[in-house]
Amino acid sequence: YAMEIYLPYIHVYQNAEFGTELPTVFETNGDVDTYSGEFQYIHGWERVRVVGGLRQTHRDQSEVEDQSGDVMNRTFDFDSTSGYAYSYWQANEAIDITAGVSADWVEGRAVDTNELNPKFGLSWQLGPASRIRLGAFRTIQPDSFSRQDIQPRLDPTQVVGFNQVFSGAQGETEWRY
């Protein structure tokens, strides 16, 4: 049996300053610091591969808002922790099975949720140009400061070719079949 073990790690730090202004009516300025880290374990045998990992993201955000002289100072903390485990099994030359689960804890400005998200997929190669794929899984939108600057992640983004990453509101869950 061929055995492979990988232990990748990713660490990200982001800092952003932002502001908007409508003279004499409205002004907002802010600062965002985001820290994110993820460890992953990958172990493979001849027909089976397992992937597991743990990711943690913390974001501090401060804002100063001035609405016609009424000044408000606000600070927010956002935390997102995820653990995941996937197994990939090649049952035979034509059938591949994926089974997994993720556990997500998301806490932020308007959300505080804990979710257990099952994952299942089946891929059946019928012939050289035909494949049937079936998948069912739930996924959750983690914290992100901007939809244009998405945090890099190591955890699997697909289940048998179906994308499980989506752009929604923080803590939003979605079932995909």
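In this chain, residues are counted from 1 in sequence order.
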Side chains of [X] and [Y], heavy atoms from C-beta outward: is any pair under 4.5 Å?
{"X": "T139", "Y": "K119", "answer": "yes"}
{"X": "I132", "Y": "L126", "answer": "yes"}
{"X": "Q164", "Y": "Q158", "answer": "no"}
{"X": "V32", "Y": "R59", "answer": "yes"}

Measure the [atom1]-[atom2] distance between [X] and [Y] for me, rounded to the nearest 0.5 Å.
{"X": "F120", "Y": "L134", "atom1": "CZ", "atom2": "CG", "result": "8.0 Å"}
{"X": "D96", "Y": "Y88", "atom1": "CG", "atom2": "OH", "result": "11.5 Å"}
{"X": "R49", "Y": "Q90", "atom1": "CZ", "atom2": "CD", "result": "11.0 Å"}
{"X": "L54", "Y": "Y41", "atom1": "CG", "atom2": "OH", "result": "15.5 Å"}
{"X": "I140", "Y": "T113", "atom1": "CD1", "atom2": "OG1", "result": "5.0 Å"}
{"X": "Q56", "Y": "T81", "atom1": "CD", "atom2": "OG1", "result": "4.0 Å"}

(message) Could you see if I95 belongs to whatever hydrophobic cluster contains W45? Use Ile, Leu, Val, Met, Phe, Trp, Tyr and a side-chain cutoff under 4.5 Å.
(response)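 Yes.
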
(request) Following the transitive rule for hydrophobic clusters with a side-chain heavy-atom cut-off under 4.5 Å over Ile, Leu, Val, Met, Phe, Trp and Tyr, establish whether V101 and V48 coincide in one cluster. (result)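 Looking at the clustering, V48 is in a separate group from V101.
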
Cut-off 3.5 Å, side chains only: do [X] and [Y] have a donor facing an acceptor?
{"X": "E38", "Y": "Q40", "result": "no"}
{"X": "D31", "Y": "S62", "result": "no"}
{"X": "T57", "Y": "S36", "result": "yes"}
{"X": "N117", "Y": "D104", "result": "yes"}

I need the minimum non-hydrogen distance between [X] and [Y], along with the two atoms involved.
{"X": "L116", "Y": "A103", "value": "CD1-CB, 4.1 Å"}
{"X": "R133", "Y": "V160", "value": "NH1-O, 2.9 Å"}
{"X": "I97", "Y": "A91", "value": "CD1-CB, 4.5 Å"}
{"X": "W175", "Y": "P118", "value": "CH2-CG, 3.6 Å"}
{"X": "Y86", "Y": "V159", "value": "CE2-CG2, 4.5 Å"}
{"X": "P156", "Y": "Y84", "value": "CD-CE1, 3.9 Å"}

(request) Identify whether the distance between the nearest side-chain nitrogen and carboxylate oxygen of R138 and E115 falls below 4.0 Å. (result)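 Here R138 pairs with E115 in a salt bridge, since their nearest N and O are under 4.0 Å apart.
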
(request) Measure from NZ or CZ of R176 to the centre of the six-membered ring of F137, then state whether that distance is under 6.0 Å and the direction lies within 45° of the axis. (result)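 Relative to the ring axis of F137, which defines the angle, R176 lies outside at least one limit.
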
(request) Test the R55-F39 pair against the cation-pi criterion, namely NZ or CZ under 6.0 angstrom from the six-membered ring centroid and within 45° of the ring axis. (result)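 No, cation not above the ring by the 6.0 Å, 45° rule.
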
(message) Using a 6.0 Å cut-off, check whether atom CH2 of W105 has over 12 heavy atoms from anything other than its own residue.
(response)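 Above 12, so yes.
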
(request) With side-chain contact (heavy atoms from CB on, under 4.5 Å) as the test, would you mind laying out the steps for D60 and D77 before giving the verdict? (result) CA-CA 5 Å; D60 293 317; D77 287 334; 2.6 Å; yes

(request) Verify, without hydrogens or angle tests, whether Q125 (side chain) and S130 (backbone) share a donor-acceptor contact under 3.5 angstrom. (result)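 Flag set: sc Q125 to bb S130 pair under 3.5 Å.
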
